[in-house]
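Keep in mind that the numbers below use all heavy atoms, side chains included, and drop hydrogens, waters and symmetry copies. Note that the numbering runs from 1 along the sequence shown for the chain. All values derive from a computational prediction rather than experimental measurement.
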Amino acid sequence: MSKRVAILTSGGDAPGMNACIRAAIIACQKAGYTLLGYKHGYNGLLQQEYISLSLDSTHNLIQQGGTILHSARCKEFMHEEGLLKAAHNLKKARIDSLIVIGGDGSFKGAAKLNEHWDGQIIGIPGTIDNDIAGTDATIGYFTAIDTAMSSIDKVRDTADAFERIFLVEVMGRNAGFLALNAALSSAADYVIVPEFFSSAESEIEKLVSQINAQRTLKGPVSFIVVVAENVWPNGLAGLTDALQQRNLQDVRPVTLGHVQRGGSPVAQDRLLATTLGEAAIRLVGKDISNVMVGEVNQRPVTVPLSETWKNTKPLNEARVGAMRTLMNERYNQADN
């Protein structure tokens with residue numbers, strides 16, 4: 001029996017969203033389903049703004065960053081009136097299944113919509129923050145690491161030239177996945193993530209000790225500190241001031257910002273997006289709803305939407321251990 005499927009991208013954009021849309025288009029075509037794409041996230045759903053998605057839409061799509069459906073925040077969707085309007089529009093468009101590509105805010109909205117609409121809802125994790133529980137990685141995360149790493153490599157060049165301390169802030173919302181992996185892959189000297197941040201006072205003492213230890217051992221060398229956003233009080237300005245108050249004047253703050261959300265997706269994100277998009281379409285028509293399709297140990301899994309934000313996703317213990325070992329080794333060299 002033919003199904004009518006709708007797909008939208010919501011919240012922050014992430015490299016690989018287009019690859020996921022492409023996979024859904026091809027899978028729907030093979031299954032004989034009609035696929036519609038709502039534009040501008042939940043705003044498009046409220047305005048009944050959709051387009052037909054066919055194989056013609058897939059040309060050169062897998063390598064494009066951003067999302068052809070565009071994205072947006074939607075305050076109206078946070079209220080019952082908006083949810084009822086969305087449910088009415090889905091019924092009017094005769095949609096059987098709605099696929100939402102986004103992060104935890106998008107999933108919370110989808111779960112609320114499920115209370116007012118009896119159609120099938122399937123979430124696909126798309127966010128560079130990788131803070132969605134129930135999946136090893138989220139679409140866009142790998143590309144964001146690569147982008148941050150490349151940027152930190154460039155910062156290192158100028159840091160070395162002037163033998164300065166550079167503070168590099170990366171995205172991640174309230175999680176340290178991006179900061180940790182960007183720091184480790186770029187051989188940064190220090191990383192500050194929310195998962196292990198106790199207080200500004202204790203953290204600044206450890207950081208100053210590391211910097212002074214390195215400079216005691218090697219002279220006035222450069223020092224790269226990667227900082228997760230939203231972790232330090234008053235941001236990089238606050239951390240810069242704290243270091244300057246401890247007689248470290250050669251400090252320069254750098255905020256990478258939204259560049260981390262752009263660019264052509266790397267192979268890992270293309271593969272993840274393709275796998276999850278195809279897996280979501282395979283669930284269409286089955287007696288399962290209000291779930292996320294994720295990937296664990298390279299296999300697709302389904303997880304109730306509520307579990308994706310209720311459970312806190314831990315950092316990779318091996319990566320944490322590696323970063324701590326490398327930071328401690330530098331400190332120990334100076335002590336000896």
Side-chain angles (χ1 to χ4, degrees), residues 5-25 35-53 57-58 60-79 82-83 85-86 89-90 93 95 97-113 121-132 135 137-144 147 171-175 178 229 256-265 269-270 272-274 276-277 280 292-294 305 308-309:
V5 182
I7 190 169
L8 61 82
T9 51
S10 174
D13 61 304
M17 282 184 166
N18 280 331
C20 189
I21 294 169
R22 173 184 177 272
I25 293 172
L35 180 62
L36 304 178
Y38 277 102
K39 301 182 72 174
H40 306 110
Y42 289 125
N43 290 296
L45 183 51
L46 293 175
Q47 300 302 319
Q48 200 68 306
E49 181 188 10
Y50 60 78
I51 59 174
S52 177
L53 294 173
S57 309
T58 64
N60 288 341
L61 191 57
I62 196 169
Q63 69 267 40
Q64 290 183 26
T67 162
I68 59 169
L69 294 177
H70 307 289
S71 190
R73 314 291 181 182
C74 184
K75 293 183 179 180
E76 188 179 354
F77 205 73
M78 299 178 182
H79 305 287
L83 294 167
K85 184 177 180 181
N89 285 346
L90 287 168
I95 301 300
S97 302
L98 175 66
I99 296 174
V100 176
I101 308 173
D104 77 327
S106 303
F107 286 176
K108 288 177 181 177
K112 284 291 185 182
L113 177 61
I121 295 178
I122 302 169
I124 297 178
T127 168
I128 67 169
D129 303 329
N130 194 39
D131 57 351
I132 304 296
T135 183
T138 58
I139 296 169
Y141 171 57
F142 295 112
T143 306
T147 299
M171 285 182 158
R173 209 167 65 100
N174 297 312
L178 187 53
E229 67 176 346
L256 297 186
H258 287 73
V259 66
Q260 297 158 94
R261 294 225 300 244
S264 179
D269 275 322
R270 297 184 192 192
L272 178 63
T274 300
L276 298 187
M292 175 194 74
V293 177
L305 284 179
T308 66
W309 68 78

**Request:** Identify the heavy atoms of Leu46 and Cys74 that sit nearest to each other, and give their distance.
**Result:** CD1-SG, 3.6 Å
**Request:** Could you grab the distance from atom CZ of Arg261 to atom OG1 of Thr127, nearest 0.5 Å is fine?
**Result:** 8.0 Å
**Request:** Kindly give the heavy-atom pair with the smallest separation between Ser71 and Gly11, and that separation in Å.
**Result:** OG-O, 2.5 Å
**Prompt:** How far does CG of Asn43 sit from CG of Leu8, to the nearest 0.5 angstrom?
**Reply:** 10.0 Å
**Close side-chain approach of Asp129 to Tyr141, heavy-atom, < 4.5 Å** = no
**Prompt:** Which heavy atom in Ala137 sits nearest to a heavy atom in Pro125, and how many Å separate them?
**Reply:** O-CG, 4.5 Å
**Item:** Whether Gln48 side chain and Asn89 backbone form a donor-acceptor pair below 3.5 Å
**Value:** yes
**Fill in**
When every non-hydrogen atom of Ala280 is compared with those of Ile99, the smallest separation belongs to CB-CD1, 4.2 Å
**Prompt:** Heavy-atom distance under 4.5 Å between the side chains of Lys112 and His79, does that happen here?
**Reply:** no
**Item:** Value rounded to 0.5 Å, distance of CD in Glu49 from CG in Leu36
**Value:** 13.0 Å
**Complete:** Closest non-hydrogen atoms of Ile68 and Gln64, given as atom of the first, atom of the second and distance, are CG2-OE1, 4.0 Å
**Request:** State the CZ-CG distance between Arg22 and Asn60, to the nearest 0.5 angstrom.
**Result:** 10.0 Å
**Asked** Is there a donor-acceptor pair under 3.5 Å between the side chain of Gln47 and the backbone N or O of Gly44?
**Response** no
**Message:** So does Ala110 get a backbone contact from the side chain of Tyr42, meaning a donor-acceptor N/O pair under 3.5 Å?
**Reply:** yes
**Message:** Which residues pass the salt bridge (charged side-chain N to carboxylate O under 4.0 Å, His left out) test with Lys108, not counting sequence neighbours?
**Reply:** Asp104
**Option passing side-chain contact (heavy atoms from CB on, under 4.5 Å) with Ile124 (candidates Ile7, Ile21, Ile101)** = Ile101
**Asked** How long is the span from the CG atom in Leu45 to the CD1 atom in Ile95, to the nearest 0.5 Å?
**Response** 9.0 Å
**Message:** Less than 4.5 Å apart, side chain to side chain, heavy atoms only: is that true for Thr147 and Ile128?
**Reply:** no
**Asked** Less than 4.5 Å apart, any side-chain heavy atom of Leu53 and any of Thr58?
**Response** no
**Prompt:** Parallel under 30°, tilted from 30 to 60°, perpendicular over 60°: which one fits the rings of Tyr38 and Tyr50?
**Reply:** perpendicular
**Complete:** Scanning both residues in full, the closest heavy-atom pair of Glu229 with Gly172 reads OE2-N, 3.0 Å
**Request:** Measure the CG-OG distance between Leu69 and Ser10 for me, rounded to the nearest 0.5 Å.
**Result:** 11.5 Å
**Asked** Any side-chain heavy-atom pair from Thr138 and Asp131 closer than 4.5 angstrom?
**Response** no
**Message:** Going by side-chain contact (heavy atoms from CB on, under 4.5 Å), Pro265 matches just one of Asn18, Ile62, Ile139, Thr143. Which one?
**Reply:** Thr143
